[in-house]
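Before we start, here is the structure in question, set down as structure tokens.
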Amino acid sequence: MKQNLIPTKEALWLAGFLLLTPLTAAWLMQFTYGVLPWQMPLPAALANALCIALVYWPLCALTGRAAPCCIGVHIAAGAWGAANWFVSSFRGTPILPWDLSALGTAAAVAGNYRLIPTWQMLAAIALAAALIVFLHPEKRKARLRLTGRLPLRLACLGAGLACLLFLVPTQRLGLLGISTDVWDPAGSYRTGGCLAVFLRNTEFLKVEEPPDSSPERVEQILAGAEAPEPAAVTVERPNIVAIMNESWADFEVYGNLRLSESVTDYIRSLDNAMFGHAYTSVFGAGTSASEFEFLTGNSMAFLPSGSIPYQQYVLGDTASLASLLRADGYDTLAFHPGERTSWQRDWAYPRLGFDAYKCGDDMDVPQTFEHGYVSDEADFRQLIWELEHKEAGQPLFLFNVTIQNHGGYTAADYPAQVTLTDAPGEYPMAEQYLTLANKTDQAFRTLVEYLEDFDEPTIVVMFGDHQPSVEQGFLDRAYGVTQDQMTMEQYMGRFYVPFVIWANYPLPESGPEVTSLNFLGQYLLRYAGIGGTAYDNYLWQLQTRLPAVTFVGYVDADGRAYSHLETNGFTPVIEDYQRVQYNNLFGGKERLTALFDP
């Protein structure tokens, strides 16, 4: 008798769910990320389906139950897409591999963001519910059981292994058109898929060594930098207070807003002060990246997009302003009125040369709050407390990271006191942010008025870490142009923050109008009369040619902005900076310690 080779209805049913589930889960993932299924290229859909199948098929084999596995992977895929959408909307970039090491920081601030699902997310929830209802009848679940079908279960395991062999190394995803975009990771997730591009980003967990970066070449580069002529500072070893103010931005500088009142009027009015602007490497989030640039002089330009230096690269003693000043006899203290473990500062600060670190739980003054965060007024009063209680005559380097202006700006019981006079109430998040920024201006007055009568010479710098993530319509209005129409100079304006340098002794010279955070520390040292290392001398010389170097691009002395993607006369200068920084951070036994460390 001939064997019937025609598949049964049950076999077709099971095969359909085994083969189609990874694909439909991939589409659902992109759908919750805001991408309609037909907008995703088929090769990208296949790549993400293989990533999902790597988990789905072995799960089916191990449990013998395809129905709950099918439901589970659809829910997980949809949740992954939604999570990336929320993270991207808050900070401008989706979830990246190194974010997994900062889950504690994310959890600490998540309660201050309002998570409003999109219509795609609501539709996905309805689809997942419909799938659960459809597969609930016992008859349908029975059709999808693999129990008693050992060959099929082995086949699922084998298929999962095949997926693993294809996906590792992740460069093979390039065969299906999956690529990363360090300049627009959110866009690459849209075209390549949230899961496949995430896996490709793991390739950046290790920083590649630039060509021609031998110790001899790095030493040659640094040898060409002479120490600058010292500034005429009239005091010796003043106290140094460096304040990185959370999300402090100056939207008035673009000249396109009409506000009910200025939010920087006091700071701009200060005598014996320098008010300017600095370029950062991050937008909307990534505070620790800005800390890292300011404290070390290194640039995020040569590190992977969205990477977190404190978790990834500050793994041992790391040269910084703190280690330099400690070697010069300073006490070094870091203070942040938030969670002690945020960005793993409790590990990073000692490695950067800080003697001590205080967090919100350690504050010696009463805490007051603005929209759920410790206020700048309370923060600055803690700085005053530290100066009042330090050893007389012993210079102090006090590095402070504030938290008042942290997003989100959606507190329902926080009325706006600063509004757009020509569009009041149209941008509630932006107006809440501007109200907070105005309170920063008022709080800074308290600190300055105390220091004016303080009997020890003290210099203060305050700067923003990045611009806030508020309504895109407000940002377009402030910049005077939509993002898709921006020139390179205008695009870098998204990464533009203010800084002010003030001292209770005469500042020796005028400061820069424009710099970047990796160079700002050099001005602080100069106006405090502190000499630096060979690396500091190199950074000072470099910024005379390129006043700003960031992850986004760089600016020349004439104010022209350039992308790192272009090749021009400054390319060799940028490449030398990359070589020097690589030796500093990753040189290992070949690191030129004497040139970087105090």
Item to check | Test ring-ring contact (aromatic ring centres under 6.0 Å, His included) applied to F302 and Y582, F551, Y554, Y577, the passing residue | outcome: Y577

Checklist entry - Any sub-3.5 Å donor-acceptor pair from T32's side-chain atoms to G78's backbone N or O? => result yes

Item to check | side chain to side chain donor-acceptor pair (under 3.5 Å) between Q30 and R190, worked out | outcome: CA-CA 7 Å; Q30 290 302 100; R190 290 180 64 86; over 6 Å; no

Checklist entry - Taking atom CG of D271 as the centre, does the number of heavy atoms from other residues, nucleotides or ligands within less than 6.0 Å exceed 12? => result no

Next on the checklist: Less than 4.5 Å apart, side chain to side chain, heavy atoms only: is that true for P468 and F251?
Outcome noted: yes

Checklist entry - Does R477 make a cation-pi contact with Y427, if we ask for NZ or CZ under 6.0 Å from the ring centre and within 45° of the axis? => result no

Item to check | Option among Y409, Y414, F474 that satisfies the ring-ring contact (aromatic ring centres under 6.0 Å, His included) test with Y433 | outcome: Y409

Next on the checklist: Show the nearest heavy-atom pair for residues A249 and Q467, with the distance to one decimal.
Outcome noted: CB-CG, 3.9 Å

Checklist entry - Which distance, rounded to the nearest 0.5 Å, do you find between the CD1 of I308 and the OG of S288? => result 6.0 Å

Checklist entry - Would you say the ring centroid of H277 lies under 6.0 angstrom from that of Y496? => result yes

Checklist entry - Does a sphere of radius 6.0 Å around CZ in R268 hold more than 12 heavy atoms from other residues, nucleotides or ligands, not counting ones at 6.0 Å or beyond? => result yes

Next on the checklist: I'd like to check T402 versus F380 (side-chain heavy atoms, cut-off strictly below 4.5 Å). Are they in contact?
Outcome noted: yes

Next on the checklist: Quick check on ring-ring contact (aromatic ring centres under 6.0 Å, His included): which of F499, F519, F294 does F463 satisfy it with?
Outcome noted: F294

Checklist entry - Just wondering, do V500 and F444 contact through their side chains at under 4.5 Å, heavy atoms? => result yes

Checklist entry - Within a strict 4.5 Å, meaning less than it, do heavy atoms of the Y189 and C194 side chains meet? => result yes

Item to check | Closest non-hydrogen atom pair between L434 and V263, with its separation | outcome: O-CG1, 3.4 Å

Next on the checklist: Does R381, at its CZ atom, have more than 12 non-hydrogen atoms belonging to other residues, nucleotides or ligands within less than 6.0 Å?
Outcome noted: no

Checklist entry - Can you check side chain to side chain donor-acceptor pair (under 3.5 Å) on T368 and E377, steps first, answer last? => result CA-CA 8 Å; T368 57; E377 180 185 6; 4.5 Å; no

Checklist entry - So, for G464 and T280, which heavy atoms are closest and what is the spacing to 0.1 Å? => result O-CG2, 4.2 Å

Checklist entry - Does F495 have its ring centroid less than 6.0 Å away from the ring centroid of Y279? => result no

Item to check | Passing candidate, side chain to side chain contact (heavy atoms under 4.5 Å, CB included) with D376, options L436, L447, N245 | outcome: N245

Checklist entry - Is it true that F570 and Y562 have ring centroids separated by less than 6.0 Å? => result yes

Checklist outcome for this item: All heavy atoms of T435 vs all of Q417, minimum pair found to be OG1-N, 2.9 Å

Next on the checklist: Once you measure the plane-to-plane angle for W248 and F275, does it fall in the parallel (<30°), tilted (30-60°) or perpendicular (>60°) bin?
Outcome noted: perpendicular

Checklist entry - Any side-chain heavy atom of L383 within less than 4.5 Å of one from L398? => result yes

Item to check | Sidechain N-carboxylate O distance under 4.0 Å for E339, R345 | outcome: no

Item to check | Distance-minimising heavy-atom pair for P547 and A557 | outcome: CD-N, 3.6 Å

Next on the checklist: Testing the 3.5 Å rule here: is there a donor-acceptor pair between the side chains of Y349 and E291?
Outcome noted: yes

Item to check | Centroid-centroid distance, Y523 to W540, less than 6.0 Å | outcome: yes

Item to check | Residue pair S88 / A186: nearest heavy atoms and the distance that separates them | outcome: OG-CB, 3.6 Å

Item to check | Distance-only donor-acceptor check, side chains Y373 and E246, under 3.5 Å | outcome: no

Next on the checklist: Counting the benzene-type ring for Trp, do F292 and W343 have ring centres under 6.0 Å apart?
Outcome noted: no

Item to check | T440 side chain to Q404 side chain, donor-acceptor N/O pair below 3.5 angstrom | outcome: yes

Item to check | Counterpart residues, ring-ring contact (aromatic ring centres under 6.0 Å, His included), relative to Y33 (two or more places apart) | outcome: none

Checklist entry - Would N298 and N584 count as having a side-chain donor-acceptor pair, cut-off 3.5 Å? => result yes

Item to check | E509 atom CD: more than 12 heavy-atom contacts under 6.0 Å | outcome: yes

Checklist entry - Does Y266 offer a backbone N or O that forms a donor-acceptor pair with the side chain of D441 under 3.5 Å? => result yes

Checklist entry - Just wondering, do L127 and L28 contact through their side chains at under 4.5 Å, heavy atoms? => result yes

